[in-house]
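Single-structure report; data block below.
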Amino acid sequence: MEHRGLDAYGYFEREGSLGLVQDEFRAVVAAARERTAEAYGRRLHSAYLHGSVPRGTARPGRSDLGLLLVLHHPPAPEDHDTAEVLARGLDEDFDRIDGVDLLLRDKHAVLSEAERFDLGWFLACLSTPLLGADLAEHLPRYRPDSLLARETHGDLAALLPQWRGRIREASAPDEYRRLGRAFARHLVRTGFTLVMPRWGGWTGDLTEAAEVFGTYYPERAAQMRAAAAVALDPVADPEVLRSYVEDLGPWLADEYTARHGTRTPRGSAARPTASCA
């Protein structure tokens with residue numbers, strides 16, 4: 001039977017490990033560990049890698065570095081300022097990465113019942129321990145079912161108005177590239193989790209995710225393949241962004257709601273799965 005990211009009992013196997021980090025990225029991972037510990041000290045509970053670097057599929061100069069930092073207490077404004085400085089410093093000092101996707105959360109949020117099938121799943125299944133005690137030990141096992149699909153990506157309809165606002169505010173090529181990568185990743189992930197329960201597995205590869213989606217929705221397959229390409233190689237084209245919020249996004253939101261329902265409302269904290277890859 002095809003592996004599809006699950007164990008023999010149908011539960012997610014954790015994606016990535018420090019042993020898979022390519023030689024080209026070991027220096028930036030070591031720096032991220034050292035600088036994170038220095039920046040947060042005892043406020044830090046644990047730190048994790050996510051995305052292509054711990055999966056061993058990162059591309060020098062093209063992939064970003066994904067970091068999830070978990071504090072003992074809810075982040076204060078100065079903690080967010082520290083995160084911005086940390087992310088900017090790593091990006092400037094290491095040309096092997098194209099940006100840093102840094103998520104800052106607290107232990108209570110990760111382990112809360114409300115986040116069990118979103119933030120908790122993200123940490124337990126898609127994040128690789130880098131520093132501190134692994135919170136995955138306190139979280140359940142997960143299956144690729146409709147509940148997980150709904151709670152991770154069942155909020156696309158609510159996100160689209162925010163995306164339209166961010167497009168209107170953008171003007172520089174770098175802004176379009178960043179938005180394109182973030183939106184495209186989210187659309188591919190949403191398209192994949194739409195069909196994930198039927199496919200019966202998990203993949204962290206965006207190209208494969210788009211192909212899996214296309215087998216269930218061939219009329220939208222070309223659009224999803226194109227989105228996966230933008231997620232990997234972002235373009236500074238506002239028309240691409242507008243196509244996401246005017247065509248592919250609204251259709252996908254309606255189809256997702258019809259099949260899985262809408263995500264349970266959360267607090268004001270930003271969701272973690274919008275840009276991970």
Side-chain angles (χ1 to χ4, degrees), residues 22 24-25 28 32 49-53 55 57-68 80 83-104 153 155-193 203-211 213-214 217 220-253 270-277:
Q22 300 135 290
E24 298 95 325
F25 295 93
V28 67
L49 299 175
H50 62 86
S52 60
V53 171
R55 288 200 304 266
T57 59
R59 299 173 301 158
R62 309 290 283 279
S63 298
D64 59 357
L65 178 70
L67 286 174
L68 168 61
H80 289 287
E84 291 182 11
V85 172
L86 175 62
R88 185 168 59 250
L90 289 169
D91 186 31
E92 292 174 350
D93 292 345
F94 293 92
D95 58 7
R96 293 292 184 179
I97 57 172
D98 180 21
V100 176
D101 179 15
L102 195 155
L103 310 170
L104 188 63
H153 288 85
D155 61 344
L156 180 58
L159 286 175
L160 288 174
Q162 301 175 30
W163 289 12
R164 294 184 183 104
R166 294 175 69 183
I167 293 170
R168 287 193 298 270
E169 294 169 0
S171 58
D174 283 349
E175 292 179 283
Y176 292 133
R177 286 184 70 256
R178 286 194 296 270
L179 291 178
R181 177 157 65 182
F183 294 174
R185 282 179 174 179
H186 195 90
L187 290 172
V188 175
R189 286 277 178 254
T190 303
F192 173 73
T193 54
T203 178
D205 184 292
L206 291 173
T207 301
E208 182 182 17
E211 292 299 326
F213 166 86
Y217 294 94
R220 293 279 180 171
Q223 285 180 295
M224 199 61 76
R225 290 191 195 102
V230 170
L232 296 172
D233 292 300
V235 295
D237 187 348
E239 290 303 317
V240 170
L241 296 176
R242 281 190 276 271
S243 74
Y244 293 160
V245 299
E246 294 173 3
D247 181 22
L248 180 59
W251 171 84
L252 186 55
R271 63 190 313 271
T273 52
S275 61
C276 64

Item to complete: Grab the two heavy atoms, one from A87 and one from V100, that are nearest each other, plus how far apart they are.
Response: O-CG2, 3.5 Å
Item to complete: State whether the side chain of Q223 and the backbone N or O of R220 hold a donor-acceptor pair below 3.5 Å, judged by distance alone.
Response: no
Fill in: Atom of R189, atom of T203 and distance for their closest heavy-atom approach
NH1-O, 3.8 Å
Practice prompt. Name all residues meeting the side-chain hydrogen bond (donor to acceptor under 3.5 Å, both in side chains) criterion together with R242; count only those two or more places apart in sequence or in a different chain, and write none if there are none.
Written response: E239
Practice prompt. Identify the two heavy atoms, one from P173 and one from A236, that lie closest to each other, and give their separation to 0.1 Å.
Written response: O-CB, 3.5 Å
Item to complete: Have a look at L187 and tell me which of F192, Y244, F213 forms a side chain to side chain contact (heavy atoms under 4.5 Å, CB included) with it.
Response: Y244
Item to complete: Kindly give the heavy-atom pair with the smallest separation between D98 and R181, and that separation in Å.
Response: O-NH2, 2.9 Å
Discussion item. Between T193 and H153, is the side chain to side chain contact (heavy atoms under 4.5 Å, CB included) condition met? List the steps.
Written reply: CA-CA 7 Å; T193 54; H153 288 85; 3.6 Å; yes
Practice prompt. Evaluate the criterion side chain to side chain contact (heavy atoms under 4.5 Å, CB included) for residue pair V230 and D237; output intermediate values, then yes/no.
Written response: CA-CA 10 Å; V230 170; D237 187 348; over 6 Å; no
Worksheet item: Does a side-chain N-to-carboxylate-O contact under 4.0 Å join D101 and R178?
Response: no
Worksheet item: Using the ring of each side chain (for Trp, its six-membered ring), is F183 parallel, tilted or perpendicular to W163, with breaks at 30° and 60°?
Response: parallel
Fill in: side chain to side chain contact (heavy atoms under 4.5 Å, CB included) between D91 and L65, intermediate numbers included
CA-CA 9 Å; D91 186 31; L65 178 70; over 6 Å; no
Fill in: Heavy-atom closest contact (A184 atom, A227 atom, distance)
CB-O, 3.2 Å
Practice prompt. Check the pair D205, T57 against side chain to side chain contact (heavy atoms under 4.5 Å, CB included), reporting the backbone distance first and the verdict last.
Written response: CA-CA 9 Å; D205 184 292; T57 59; 5.7 Å; no
Worksheet entry | Non-neighbouring partners of R164 that pass side-chain hydrogen bond (donor to acceptor under 3.5 Å, both in side chains), sequence neighbours left out | none
